[in-house]
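To find a chain, count down the sequence lines: A is the first, B the second, and so on, and within it residues start at 1.
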Amino acid sequence: MKLRVKFRKFGPIRFIGHLDVMRFFQKAIRRAGIDVAYTTGFSPHQIMSFAAPLGVGLCSNGEYMDIEVNSMESCQDILERLNRVSVPGIEVISVKILPEGAENAMASVAAASYTVRFREGKEPAADIEAALPGFLEREHIPITKKTKKGSREVDLKPGIFRLEWQSGAFFMLVDASSGGNIKPVQLLEALLAECGETLQENALSITREDVYTDIGTKDTPELVPLEDIGSPS
Amino acid sequence: MEGQLALSEDILMKIEKPERYIGHEVNSVVKDKDKIRVRFAMCFPDVYEIGMSHLGIQILYDMFNSMEDVWCERVYSPWIDLDAVMRSEKIPLFALESQDPVKDFDFLGITIQYEMCYTNILQVLDLSQIPLLAKERGEDCPIVIGGGPCVYNPEPLADFFDIFYIGEGETQYRNLITLYEHCKEEQTGREEFLRRAAKLPGMYVPRFYAVEYNEDGTIHSFTPVEDGIPATVRKEIVTDVTDTYYPMKPVVPFIKVTQDRVVLEIQRGCIRGCRFCQAGQLYRPVRERDVETLKKYAMEMLKNTGHEEISLSSLSSSDYSKLPELIDFLIEECGRQHINISLPSLRIDAFSLDVMSKVQDVKKSSLTFAPEAGSQRLRNVINKGLTEEAILRGSALAFEGGWTRVKLYFMLGLPTETEEDIRGIAELSNKIAAVFFETVPKEKRVNGKVQIVASTSFFVPKPFTPFQWAKQCTKEEFLDKAYQTRTAISEQLNQKSIKYNWHEADASVMEGVLARGDRRLGEVIRRVYEKGSFYDAWGEYYHNDRWLETIAECGLSGDFYTHRERPVDEILPWDFIDCGITKEFLVREWEKAKREEVSDNCKQKCQGCGAAQFGCGICFEPKPETP
């Protein structure tokens, strides 16, 4: 049986890197006494898939991990068991059963939503709220992306599904697929560049709100949170 | 939740591995500050990943936190990157759990595991904003207390510590804490607390002792400066290692640390009596833990941590009497739960090979032998029981079982070593390769070859060993021996199957100076630190020239401490410590070494070392009838 686990990551735990969060859950699953399935072979490991990796320093209200169990009492029981052995800063908020043949968390990621604030003392001088409509009307938003081999130009525009300014914070829904992932920092850098400013180092406080998959067709995409793929029992 | 951390977002985002500094690990202990009376900061003066791998700290952390009135937290050396930030921004070093400054604690306990961490101790004090010198500390400063193997010669560090705790931590800390609480109530002040502490068993308070030197630099006298201060300090030991503290819920780090597994300590001490080995003498007598208790502990700790691996810890684990029973149990239970067993180095025989083949991938793992010396003559000098016959027999068995890799550990610079002994290293390696070609028929050879890796370290004489009087080699002598080894290996028939590794010699010489040094070296350590040295145990940060130059500046000589055979009647800096084994025994062993005579181990025949005074362990178990 495949389960999709949704969890929050917050507070000091935001400094724990993605690989270490995976290690944390491997150990937590053992502590929780969950009857998890293992791969076969000389060094078996737990069958586990994480959705989009979260950068160090970011909080999240919607992280996902798929696991496979041989048996369980109920989704609620798995949730409670995991939270009992967790640390403040990692909280499981839902456990769902995935339908037969569902894509794993990693493969199914299409988009992610974020709330982004400027840290105190690192707010830009320009009126970004005023600059926003013009920015969004542009046909192309080219940025230079640094890669291992050098740098290349990419267009952010097709990957911006929503970008709003609400009471002192940006809310954004952007492409998070393996081919077109947009980082909130890239988007804010481009917006500030529009205002003739550069983003200060470590200026943003970022919370990922959720991760989405696309259940629509090629012409009419339909983004839904990853947890909606599963059912509660 | 921001603001709970001692370091700002900006700092945490720019340093390497911020996880080292944020606490919050599973099983870390957080207490209500208002409900405790004593705050203890427990420090391992090296980077987090090393410090978190140390069992002793986990035991003491568990012990202190089981006391209702005490909250014990952890502290490690900030890495080089954060160190620079903390200095420039004047951020005081903090404990991980509360993130509160260490300088506000009642105690700062520092475990001293190896000589090359001495400068890191000063780094920790300095970053904590605690005066480096004990005599300059005021009433508000934490009591700085040291423990661990290096306190069996604490003298080079005497200036920096208020107290050294000699021996195993489980026994006297409760009494020390209670004494501290009384002194606080009575408002006796720091000095009076230390005076009373000096009268507790196992406590050495350096300020109450004076050293006088002879003109030749040797010690003339070492005496208490006040009445009532004991002239000798006897080590503390746990007499029943089953009925004592053991951490059922060890802290589980987020990041991968060196020892990322459950560690089960199966026994303390060693029966072997190898003459170079300090641990083998310090932790006498051998005390085994009850096997049923260990099985229970193993399961409990695996459940509480979620670790996917367990390892056994002790000296010479093959000597633990219930080892087969324990390993069989673990193989069965761990197999069911997909838990790996990491085996300690075992004597190679049919039993260990069978066990190894069950828990490791034979093709990927290697056999390990530690003959320590290349010839039987020199192995007799050091009282290392391993014979060439046993090594060759074990190798043959292993090669038949499919192993193709062998690791060999040797020491260079042992007392009485000759060129012939060194050539023995090459010859033994060659013979093992030959055994492979004789044992394994051509068609069965994986990749057609065997891989022997011979490694040598340089011998550093340590206090409380029969070699404590021995002359250590100079750097040039060490390197010459390494070159001789390399040449001898290259002359062997099977030289293509043998790889040779050796260590840098600089640090081994300095380790020797500090290991057998006296109080005058405190000045050297302080100056070297002030010139910018710490993380000396990390090769890339070790500045040998700086040490040499500073020793000279202080009017001392490194050779005085290392390159000199001491007469057995010389007063040694650590003579005031009674580590449980007598000087007479050590002298006897030193003389037997020179005569190339071996001594029986504790299971065969008591050698009268003196450890029986503790009234426990192997000293009171029946010996086989002598034939």
Side-chain angles (χ1 to χ4, degrees), chain A residues 8-47 55-59 70 81-82 84-91 117 119-122 185 200-207, chain B residues 1-28 30 96-97 99 249-257 260-262 299-309 334-340 358-365:
Chain A
R8 293 176 62 217
K9 183 182 173 195
F10 55 94
I13 300 302
R14 69 186 181 282
F15 295 106
I16 310 294
H18 177 65
L19 291 176
D20 294 323
V21 171
M22 289 176 65
R23 280 167 35 83
F24 168 83
F25 272 108
Q26 282 161 5
K27 292 180 198 277
I29 285 169
R30 290 174 176 283
R31 290 194 297 274
I34 291 170
D35 184 13
V36 68
Y38 284 81
T39 59
T40 50
F42 201 89
S43 52
H45 53 269
Q46 297 174 7
I47 297 172
V56 171
L58 274 67
C59 293
N70 300 315
R81 277 169 182 266
L82 284 173
R84 265 202 296 276
V85 298
S86 191
V87 290
I90 294 184
E91 185 199 358
R117 286 186 174 79
R119 291 190 190 286
E120 224 179 282
K122 300 206 174 179
V185 172
Q200 290 183 55
E201 208 182 328
N202 198 27
L204 304 176
S205 155
I206 304 169
T207 301
Chain B
M1 281 261 215
E2 212 167 331
Q4 282 186 2
L5 296 177
L7 301 173
S8 71
E9 183 92 19
D10 281 343
I11 295 172
L12 287 165
M13 289 302 287
K14 76 178 172 201
I15 55 173
E16 224 179 278
K17 300 194 186 171
E19 294 129 309
R20 287 166 173 162
Y21 312 108
I22 61 171
H24 285 76
E25 302 98 325
V26 168
N27 295 338
S28 58
V30 175
L96 293 183
E97 283 78 355
Q99 300 271 311
K249 288 181 151 193
V251 179
V252 184
F254 286 106
I255 51 174
K256 207 162 169 40
V257 299
D260 187 32
R261 53 184 77 91
V262 163
M299 291 301 110
E300 180 89 15
M301 287 193 290
L302 285 168
K303 177 152 189 21
N304 289 338
T305 56
H307 280 310
E308 39 280 289
E309 188 163 293
C334 295
R336 208 179 349 236
Q337 301 181 32
H338 300 284
I339 286 159
N340 300 320
K358 283 179 189 157
V359 306
Q360 302 166 347
D361 187 347
V362 170
K363 285 191 212 85
K364 286 182 192 152
S365 62

(request) Nearest 0.5 Å please: distance from the CZ atom of A:Arg31 over to the CG atom of B:Leu302. (result) 12.0 Å
(request) Could you tell me whether the side chain of A:Arg23 and the main chain of B:Ile255 form a donor-acceptor pair under 3.5 Å? (result) yes
(message) For chain B, which candidate among A:Ile16, A:Val87, A:Ile13 shows the most heavy-atom pairs at distances under 4.5 Å?
(response) A:Ile16
(message) Counting heavy-atom pairs closer than 4.5 Å to chain A, which one of B:Gln337, B:Glu19, B:Lys303 comes out on top?
(response) B:Glu19
(message) Does any backbone or side-chain atom of B:Asn304 lie under 4.5 Å from a heavy atom of chain A? Answer side chain, backbone, both or neither.
(response) backbone
(message) Does B:Glu16, at its CD atom, have more than 12 non-hydrogen atoms belonging to other residues, nucleotides or ligands within less than 6.0 Å?
(response) yes
(request) Please name the pair of heavy atoms, one in A:Phe24 and one in B:Val26, separated by the smallest distance, quoted to 0.1 Å. (result) CE1-CG2, 3.8 Å
(message) With a 4.5 angstrom heavy-atom cut-off, is it the side chain or the backbone of A:Phe15 that approaches chain B, or both, or neither?
(response) both
(request) Taking the side chain as every heavy atom from C-beta outward, state whether B:Leu12 and A:Val56 have any pair of such atoms under 4.5 Å apart. (result) no
(message) How long is the straight-line distance from CG of A:Leu19 back to NZ of B:Lys256, given to the nearest 0.5 Å?
(response) 11.5 Å
(message) With a 3.5 Å distance limit and no angle check, can you tell me whether B:Gln4 reaches the backbone of A:Pro12 through a side-chain donor-acceptor pair?
(response) no
(request) Using a cut-off of 6.0 Å, state whether more than 12 heavy atoms not belonging to B:Lys249 lie near its atom NZ. (result) no
(request) Quick one: list whatever passes side-chain hydrogen bond (donor to acceptor under 3.5 Å, both in side chains) with B:Glu25, sequence neighbours left out. (result) B:Tyr48, B:Arg74
(request) Answer whether the closest heavy-atom distance between the side chains of B:Met13 and A:Glu201 falls below 4.5 Å. (result) no
(request) Answer yes or no: does atom CZ of A:Arg117 have more than 12 heavy-atom neighbours from other residues, nucleotides or ligands under 6.0 Å? (result) no
(request) Please examine the side chains of B:His338 and A:Val36, heavy atoms only from C-beta on, and report whether any two atoms are closer than 4.5 Å. (result) no
(request) Side chain from CB out, backbone as N, CA, C, O: work out which of these in B:Gln99 comes under 4.5 Å of a heavy atom of chain A, or both, or neither. (result) neither
(message) Is B:Lys17 close to chain A through its backbone or its side chain, or both, or neither, when contacts mean heavy atoms under 4.5 Å?
(response) neither
(message) Looking at every heavy atom in both B:Thr305 and A:Lys27, which two are closest together, and how far apart are they?
(response) O-CB, 3.8 Å
(request) Hey, could you give me the CD/CZ distance between B:Glu9 and A:Arg119, rounded to the nearest 0.5 Å? (result) 3.5 Å
(message) Quick check on the interface: out of B:Pro253, B:Gly306, B:Pro18, who has the most heavy-atom pairs with chain A under 4.5 Å?
(response) B:Gly306
(request) Heavy atoms only: give me the nearest A:Asp20-B:Phe254 pair and the separation to one decimal. (result) OD1-O, 3.3 Å
